[in-house]
Amino acid sequence: MTIETRLLGRTGVQVSNLCLGAMMFGMRTEPEDSYAMIDKAIDSGINFIDTANVYSRGRSETVTGEGLKRNGHRDRIVIATKFHGAMADDDPNMRGASRRHILAACEASLKRLKTDYIDLYQIHRPHSDTAIDETLRALDDLIKQGKVRYIGTSTFASWQFVESLWASEKHGLNRFVCEQQPYNLLDRRVERELMPMARTYGVATIPWSPLAGGLLTGKYQRDEQAPQGTRYASPGREHRVNERVFDVIDDLKPLAKAKGCPLSQFTLAWVMSQPGVTSPIIGPRTMEQLEDNIAAADVELTQEDYIAIDQIIPPGQMVSPFYEADFGPHRFRI
C-alpha cells in the first residue's frame, strides 16, 4: 500500500496521509483486536494515531497506550489526543476549555497513554464560555513543560480559528497548528471558508468522518432498514439519512466501479486528494475495515473523476444532516 507522508502544517513534522482513529478501541473493538490493528497500521506506513480522552471515558487512550507499549513503536508515532468532553457526570469542572481542566486532563491522558509527552493536543470542540487566551495560555505552558509538542483544534469555525491566531500573536503564545473538520462527499461545507483559511495560514487539516459515519461505504441501502449494530440502526439517527443522500451514493457507485474499487476506497481517496488536506482520520472497527481503508491510498483519481463528482455533489454543498445535531450548546458554524 502506498502510504505517503505530508507536513503537519508549518511544523516540519511528517505525518502519514491517513490517520488511524482510535475511537472504537476499547469500545466496540476488543483490546487484543485493537493492538493488532495498531500493528497493521504501523506496518502499512501509518505513523499518526488520533484518540480523545472522552472516547469510552479514557478507555481508548488506555488501549492505544498499551498497544504502542507492546510493539515498542511509541517514538515513531505521532500521538494526537483531545480534551473538552465531560469526564465525569457530577463535576462541571471535569470538562471544557478552562486552565483548570486542561492541566488535569493532560496529566490523566499522559498516564493512560503511557507516555511522557503528547505530540498533538487538541481542543475537541470550541467552548464559548472560556476566553480563547485562557485556553491558549494553559496549552502554551504544557508545551513549555515538555508535556505537549503541538496544539490543535477540532470542529472550529474559520472565524474561531483566526481569532485564536490573533490571540496567539497578541500574547506571544504558541499557536494552533491544525484543525479537525467534518469533510466528505456528503458534506463539503468546509470548502466555503475553512479550507481556504487553512491554506492561507498554513494550517494542517485532519478531516474526520471522511466516510460520513459509514454512509459512503455502500452498506446502507435505500428503503432498507440499517443493519443491526451499525451507526444508523441506533434510535434517533434516522433523520441523517434522506433521499438526497442515496441519490448521491447511487450516482457515485458507477464511478467507483469504473475504478475497480469499492465505494469506500473511492470516496476516501477523494478526501485524501483534496487541496490542503493533510491526513483524513479513519475509524475502523475491524481489521477488514482497516485494510479496506488503507487500500484507498492506491486509488488514483483523474480530472474527469473530479468533474463527475462535482456534478453529483457540487463544491461547498451538503446533503446529509449528519453533523447538525451533534454538538450541544457550543455548535460550530462552517
Side-chain angles (χ1 to χ4, degrees), residues 6-15 17-19 21 48 50 52 78 80 82-84 97 119-128 130-137 139-140 143 149-210 212 270-281 306 309-310 313-320 322-324 326-327 330-334:
R6 297 172 179 170
L7 286 172
L8 184 69
R10 308 189 310 171
T11 67
V13 173
Q14 297 276 349
V15 295
N17 60 347
L18 278 179
C19 176
F48 195 14
D50 178 79
V78 177
K82 300 180 284 291
F83 67 90
H84 179 277
D119 295 280
L120 177 60
Y121 201 38
Q122 305 154 106
I123 178 172
H124 210 155
R125 293 288 184 270
H127 196 93
S128 58
T130 306
I132 192 63
D133 55 295
E134 157 104 350
T135 300
L136 285 166
R137 286 187 188 279
L139 293 170
D140 188 73
I143 291 175
R149 296 292 189 259
Y150 300 101
I151 55 176
T153 63
S154 176
T155 324
F156 268 44
S158 299
W159 71 265
Q160 291 170 319
F161 199 98
V162 172
E163 179 191 35
S164 80
L165 296 180
W166 171 82
S168 291
E169 180 72 18
K170 178 181 179 181
H171 299 294
L173 304 171
N174 277 281
R175 57 173 265 174
F176 292 128
V177 303
C178 61
E179 155 65 11
Q180 288 191 15
Q181 77 281 34
Y183 190 21
N184 56 62
L185 275 175
L186 297 179
D187 187 350
R188 299 180 63 175
R189 288 174 294 171
V190 294
E191 295 170 342
R192 302 173 193 169
E193 293 186 10
L194 195 142
M195 295 302 293
M197 179 279 296
R199 293 196 297 273
T200 298
Y201 291 102
V203 177
T205 64
I206 310 169
W208 54 267
S209 202
W270 178 87
V271 179
M272 295 172 71
S273 67
Q274 291 310 291
V277 166
T278 306
S279 182
I281 300 173
Y306 294 122
I309 289 168
D310 287 349
I313 171 74
Q317 292 199 10
M318 180 271 290
V319 297
S320 171
F322 181 76
Y323 308 111
E324 292 297 330
D326 290 344
F327 304 121
H330 305 294
R331 294 184 183 180
F332 73 106
R333 295 291 184 269
I334 296 179

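Values reported hereafter were calculated over all heavy atoms of this structure, with side chains retained and with hydrogens, waters and symmetry mates removed. This chain uses plain numbering: 1 for the first residue, then up along the sequence. Since we're looking at a predicted model, the values are computed, not measured.
- Of all the heavy atoms in Ala97 and Thr130, the pair that sits closest is O-CG2, 3.4 Å.
- Leu139 is not listed as a side-chain neighbour of Leu173, based on a closest heavy-atom distance of 4.5 Å or more.
- Contact record, Ser279 with Cys19: OG-N, 3.1 Å, taken as the closest heavy-atom pair.
- Heavy-atom minimum distance, Ala204 versus Gly9: CB-N, 3.3 Å.
- Counting heavy atoms from C-beta on, the side chains of Pro207 and Asn184 never come closer than 4.5 Å.
- Distance alone, capped at 3.5 Å, is enough to place a donor-acceptor pair between the Thr278 side chain and the Thr205 backbone.
- The heavy-atom pair separating Phe176 from Ser164 by the smallest distance is CD1-OG, 3.2 Å.
- Here the straight-line distance linking atom CD1 of Ile151 with atom CD1 of Ile123 works out to 10.0 Å at 0.5 Å rounding.
- Separating the CE atom in Met318 from the CZ atom in Arg192 is a distance of 7.5 Å, to the nearest 0.5 Å.
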Take Val78 and Tyr150 through the side-chain contact (heavy atoms from CB on, under 4.5 Å) test and state the conclusion after the steps. CA-CA 10 Å; Val78 177; Tyr150 300 101; over 6 Å; no
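- In plain terms, the two heavy atoms of Arg175 and Ser168 that are nearest each other are CA-OG, 3.5 Å.
- With rounding to the nearest 0.5 angstrom, the CZ atom of Phe161 is 14.5 Å from the CD atom of Glu193.
- Using a 4.5 Å heavy-atom cutoff, the side chains of Leu8 and Gln14 are not in contact.
- Remark: the backbone N or O of Asn174 is paired with a side-chain donor or acceptor of Asp140 at under 3.5 angstrom.
- Atoms CD and CH2, on Gln274 and Trp270 in that order, are 4.0 Å from each other to the nearest 0.5 Å.
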Residues Leu194, Arg189; criterion side-chain contact (heavy atoms from CB on, under 4.5 Å); working and verdict: CA-CA 8 Å; Leu194 195 142; Arg189 288 174 294 171; over 6 Å; no
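- In plain terms, the two heavy atoms of Met195 and Gly276 that are nearest each other are CE-C, 3.8 Å.
- A donor-acceptor contact shorter than 3.5 Å links the side chain of Gln160 to the backbone of Ala157.
- With respect to Gln181, the side-chain contact (heavy atoms from CB on, under 4.5 Å) criterion is satisfied by exactly one of Thr153, Thr155, Val190: Val190.
- Here the options are His127, Gln122, Arg125, the test is side-chain hydrogen bond (donor to acceptor under 3.5 Å, both in side chains), and the partner is His84; only His127 passes.
- Atom CD in Glu191 sits 3.5 Å away from atom OH in Tyr183 (nearest 0.5 Å).
- For the pair Ile206 and Phe48, the minimum side-chain heavy-atom distance is below 4.5 Å.
- Put simply, the side chain of Val177 does not reach to within 4.5 Å of the side chain of Arg149, judged on heavy atoms.
- Aromatic ring orientation, Tyr121 versus Phe83: tilted (interplanar angle from 30° to 60°).
- Looking at heavy atoms from C-beta onward, Ile132 lies out of side-chain contact with His171 at the 4.5 angstrom threshold.
- Taking CD of Gln180 as the reference point, atom CD1 of Ile281 lies at 3.5 Å (rounded to 0.5 Å).
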